[in-house]
Amino acid sequence: MPGLGWDAAAEQRFDVNLSILFTELPLLERPAAAAAAGFTAVELWWPWIDSPTPERSELDALRKAIEDAGVQLTGLNFYAGQLPGPDRGALSVPGEESERFRANVEVAAEFAGSLGCGALNALYGNRVDGVDPAEQDALALENLVLAARAADGIGAILLIEALNKPESPLYPLVSAPAAVGVVDKVNAATGLDNARFLMDLYHLSMNGEDLPAAIERYTAKTGHVQIADNPGRGAPGTGSLPLEDLLGRLRKAGYDGWVGLEYKPGDRPSAEAFDWLPR
């Protein structure tokens with residue numbers, strides 16, 4: 001996409017998501033690869049999908065890799081089950097998964113805090129057959145309050161994300177209003193006012209939402225933005241989303257935070273997936 005101008009992009013701060021880009025490399029090599037590609041900041045899903053409480057040595061090794069690369073960790077997911085995979089979070093799933101989420105809260109917050117990371121993302125979790133949705137929502141609020149308090153303890157915000165229904169049919173937060181409604185409930189319950197909307201323009205577009213209207217309505221409640229093109233979830237320019245225009249609208253609406261690059265590199269090395277970026 002070189003030559004398209006991308007005036008809005010030139011004013012944005014982009015970070016690269018190391019759980020979807022540079023995955024051809026071992027986890028501990030990805031921060032340095034992001035730095036070599038010109039990025040000063042990275043974000044991550046929870047890196048240890050099988051364990052909410054990994055060994056201290058694993059946490060220390062990733063912390064060192066991030067510090068040695070000289071990049072800032074701007075966002076981290078709490079434990080979310082098998083992601084990528086069938087799961088879309090754990091905090092509203094009764095039983096073992098909810099317990100795993102709770103066990104992870106302080107671990108994730110401590111790790112994020114040690115790296116000056118200011119945003120923790122809590123994926124809501126899928127609906128479960130045979131469980132009353134109201135029961136799941138009550139459990140979710142309880143766990144989100146715990147997460148918001150832990151985030152507040154390190155001076156961070158708690159992010160709540162809308163996903164998209166075609167790819168996540170059992171996930172209940174598949175619109176901006178649904179996710180923002182949960183944000184409001186968490187803030188009302190804690191009084192901390194540190195819950196924010198994670199506006200992922202790819203997911204919202206997959207849901208067929210009016211993106212300019214969502215930006216106008218919800219930017220004030222947005223704590224982080226992520227992008228990928230649609231269709232395909234590839235780099236900007238591989239689909240038809242007017243991402244340059246949308247980022248310009250976000251800036252005009254007052255958003256000056258990080259924009260996470262959460263797209264698939266396609267059939268090329270991740271380092272070659274940034275040719276659309278203004279230099």
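Nothing fancy with the numbering, it's 1 onward along the sequence.
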Does [X] reach the side chain of [Y], with side-chain heavy atoms less than 4.5 Å apart?
X    : Y    : answer
L73  : F111 : yes
L83  : N77  : yes
L250 : T219 : yes
N143 : S98  : yes
N17  : S19  : yes
I227 : E262 : no
D137 : S92  : no
I157 : L159 : yes

Check ion pair [X]-[Y] (N to O, under 4.0 angstrom):
X    : Y    : result
K264 : D267 : no
D60  : R63  : yes
E110 : R56  : yes
D184 : K221 : yes
K64  : E67  : no
E216 : R249 : no
E106 : R149 : no

Can you tell me how far apart [atom1] ([X]) and [atom2] ([Y]) are? Round to the nearest 0.5 Å.
X    : Y    : atom1 : atom2 : answer
N230 : M206 : CG    : CE    : 5.5 Å
L211 : L241 : CG    : CG    : 6.5 Å
L120 : D152 : CG    : CG    : 11.5 Å
Q12  : L243 : CD    : CG    : 10.5 Å
L173 : N164 : CG    : CG    : 12.5 Å
T222 : Y255 : OG1   : OH    : 7.5 Å

What I want to check is whether the side chains of [X] and [Y] have a donor and an acceptor closer together than 3.5 Å.
X    : Y    : result
Y124 : E161 : no
T40  : Q72  : no
N121 : E43  : no
S175 : N207 : no

Considering all heavy atoms of both residues, which atom of [X] and which atom of [Y] are nearest to each other, and what is their separation?
X    : Y    : answer
I154 : A112 : CD1-CB, 3.9 Å
L21  : R30  : O-CD, 4.3 Å
V93  : N126 : CG2-O, 4.1 Å
V107 : L59  : CG1-CD1, 4.1 Å
H203 : A162 : CB-O, 3.5 Å
V105 : L146 : CG1-O, 4.0 Å

Exercise. What do you reckon, are the aromatic ring centroids of F101 and F78 less than 6.0 Å apart?
Worked result: yes

For this session: Taking the six-membered ring for Trp and the single ring otherwise, decide whether the centroids of F14 and F274 are under 6.0 Å apart.
Result: no

Under a single-linkage definition using a 4.5 Å side-chain heavy-atom cutoff for Ile, Leu, Val, Met, Phe, Trp and Tyr, are [X] and [Y] assigned to the same hydrophobic cluster?
X    : Y    : result
V16  : Y202 : no
L44  : I49  : no
L27  : L18  : yes
V180 : L163 : yes
L115 : L76  : yes

For this session: Begin with the C-alpha distance, continue with both residues' side-chain angles, and end with the deciding distance and a verdict on side chain to side chain donor-acceptor pair (under 3.5 Å) for Y79 and R100.
Result: CA-CA 8 Å; Y79 171 79; R100 285 161 76 86; 2.8 Å; yes

For this session: Among L62, N104, T53, find the one that has a side-chain contact (heavy atoms from CB on, under 4.5 Å) with W48.
Result: L62

For this session: Go through the steps to decide whether L277 and F39 satisfy the test side-chain contact (heavy atoms from CB on, under 4.5 Å), and finish with yes or no.
Result: CA-CA 11 Å; L277 266 169; F39 291 94; 3.6 Å; yes

Exercise. Between Q82 and D50, does a side chain to side chain donor-acceptor pair (under 3.5 Å) hold up when you go through it step by step?
Worked result: CA-CA 7 Å; Q82 297 290 319; D50 295 318; 3.0 Å; yes

For this session: Mind running side-chain contact (heavy atoms from CB on, under 4.5 Å) on E97 and R102 for me, showing each step along the way?
Result: CA-CA 9 Å; E97 277 299 85; R102 289 186 192 203; over 6 Å; no

For this session: May I have the step-by-step check of side-chain contact (heavy atoms from CB on, under 4.5 Å) for H224 and W258, ending in yes or no?
Result: CA-CA 6 Å; H224 188 51; W258 291 95; 3.9 Å; yes

For this session: Could you check R233 against T238 for side-chain contact (heavy atoms from CB on, under 4.5 Å), going step by step and ending with a plain yes or no?
Result: CA-CA 8 Å; R233 201 176 185 175; T238 59; over 6 Å; no

Exercise. What's the verdict on salt bridge (charged side-chain N to carboxylate O under 4.0 Å, His left out) for D132 and R127, showing C-alpha distance, side-chain angles and the deciding distance?
Worked result: CA-CA 9 Å; D132 182 351; R127 290 299 191 213; over 6 Å; no

[Y] backbone acceptor or donor facing [X] side chain under 3.5 Å:
X    : Y    : answer
E209 : A176 : yes
D229 : G239 : yes
R13  : V259 : no

